Engineer: 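Let me give you the structure first, and then I'll get to my questions.
Note that this is a predicted model, so its numbers are computed, not measured.
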Amino acid sequence: MFVAKINVTLKESVLDPQGQTVLRTLHDQGKNLISDLRVGKYIEMKIDASSQADAEISAKEICESLLVNQVIETYRLVVEKV
Amino acid sequence: MKVRVVTFPGSNCDKDVGSVLESEFGAKVDYTWYKESFSDTPDLVVLPGGFSFGDYLRCGAMAKFSNAMESVVKYANQGGKVLGVCNGFQILTESGLLPGALLHNRTLKYICKDVDLIPVSENKIAKGIKGTLSIPIAHGEGAYFADANTLERLEKNGQVVFRYKQNPNGSLNDIAGICNEAGNVLGMMPHPERAINPYTGKMDGKQILEVLLKK
């Protein structure tokens, strides 16, 4: 059994109003050391596969067909054995 | 005149658009549940507004894997006319029938109000529509986005159908609605079905549906 850990964020070129709003709140609190903030989502899924490579292929296919809209989003995928 | 309205779990404007097509245009309306397929060729297929699959993950993302959408894609690729309103527009971009994507409104607010829409005269669909139209919008994720090349292509090909007079949501190039290259698939955030008879106080949506129902 493997676990795929997926972080999805908006592409750098896409305005992230949610991230900007959170950043503004931090600045209002005087936390001016924070210079950039982007809000994304984290998805975790368990995969029953015979090898790490197979699990990665399945996870990538699922990311690109459903979990991530590549017009606006980018993702990082890590697959680990559990 | 035959129309199919596709209903997804969470669609909530299916009966609205179906009933105005029946009462105002005399269309015979069939409702297709997302699990069903169809192979006939109605005059128009409508993907209605709402919150398909609860809008979880991304608006419109999960609808594309349904049997009904498989049929819609086939029908559209054969030249069939498709209208996607609001969530329907989001489903059209997610399923690849239209380019780009819909992002959160720049203000992060859900916006529900009447907006002025300008039909873009270079567009095949919009050139049949006269004047500025007042049509309601009701969405949280309606900011149209596409990369620079796609935007340029849309503008060059005359695929922008409607622009907002005053951009409410941060859409690039003030885009409120676009069509595909062939001109048979239209997606728009405003709801023409909500501006169709005097009881709603507005009539401007009628022109849009009329143009689409014309053979």
Side-chain angles (χ1 to χ4, degrees), chain A residues 2-29 31 34-49 55-79, chain B residues 8 52-66 69-70 73 87 89-111 139-154 167-173 175 178 180 187:
Chain A
F2 297 87
V3 61
K5 298 177 174 178
I6 303 144
N7 279 289
V8 184
T9 47
L10 286 169
K11 284 179 179 172
E12 284 292 328
S13 57
V14 176
L15 179 74
D16 173 13
Q18 202 180 347
Q20 289 202 336
T21 306
V22 178
L23 180 64
R24 205 159 46 238
T25 303
L26 288 175
H27 285 174
D28 287 347
Q29 293 175 348
K31 295 186 171 56
I34 313 298
S35 60
D36 192 20
L37 189 154
R38 294 181 76 76
V39 176
K41 56 192 155 199
Y42 175 69
I43 301 165
E44 201 175 273
M45 55 186 190
K46 291 209 171 88
I47 307 173
D48 193 1
E56 276 171 15
I57 290 167
S58 299
K60 193 165 183 283
E61 194 274 317
I62 290 166
C63 282
E64 292 180 8
S65 66
L66 175 65
L67 302 182
V68 183
N69 180 340
Q70 293 188 90
V71 175
I72 48 173
E73 294 171 329
T74 181
Y75 71 101
R76 277 183 294 123
L77 165 69
V78 176
V79 176
Chain B
F8 301 94
S52 58
F53 298 86
D55 272 356
Y56 291 120
L57 190 65
R58 289 183 314 278
C59 299
M62 282 179 280
K64 71 177 167 191
F65 293 109
S66 57
M69 274 313 291
E70 252 178 54
V73 170
N87 193 234
F89 185 13
Q90 294 160 343
I91 294 169
L92 287 173
T93 59
E94 283 285 345
S95 60
L97 283 173
L98 290 175
L102 281 310
L103 293 170
H104 273 288
N105 296 341
R106 191 161 288 193
T107 54
L108 284 180
K109 286 180 184 152
Y110 187 95
I111 309 169
H139 60 247
E141 290 166 61
Y144 183 76
F145 174 88
D147 62 46
N149 289 340
T150 307
L151 265 187
E152 201 188 317
R153 205 174 59 237
L154 287 175
N167 193 334
N169 54 25
S171 279
L172 296 182
N173 294 15
I175 285 172
I178 57 165
N180 62 344

Engineer: Any idea which heavy atoms bring A:Leu66 and B:Ala61 closest together, and the distance?
Structural biologist: CD1-O, 3.7 Å

Engineer: Can you list the steps and then say if B:Tyr144 with B:Leu98 is a side-chain contact (heavy atoms from CB on, under 4.5 Å)?
Structural biologist: CA-CA 11 Å; B:Tyr144 183 76; B:Leu98 290 175; over 6 Å; no

Engineer: Considering only heavy atoms, which portion of A:Leu67 lies under 4.5 Å from any heavy atom of chain B: side chain, backbone, both, or neither?
Structural biologist: both

Engineer: Taking atom NZ as the centre, does A:Lys41 end up with more than 12 heavy-atom neighbours from other residues, nucleotides or ligands that are less than 6.0 angstrom away?
Structural biologist: yes

Engineer: Side chains of B:Ser171 and B:Asn169: is there a donor and an acceptor less than 3.5 Å apart?
Structural biologist: yes

Engineer: Side chain, backbone, both or neither: which part of A:Glu73 has a non-hydrogen atom closer than 4.5 Å to chain B?
Structural biologist: side chain

Engineer: Find the one option among A:Thr21, A:Val14, A:Leu10 whose heavy-atom pairs under 4.5 Å with chain B are most numerous.
Structural biologist: A:Val14

Engineer: Answer yes if the side chains of A:Gln70 and A:Tyr75 hold a donor-acceptor pair under 3.5 Å, and no otherwise.
Structural biologist: no

Engineer: What part of B:Leu103 lies closer than 4.5 angstrom to a heavy atom of chain A: side chain, backbone, both or neither?
Structural biologist: side chain

Engineer: So which part of A:Lys11 gets closer than 4.5 Å to some heavy atom of chain B, the side chain, the backbone, both or neither?
Structural biologist: neither

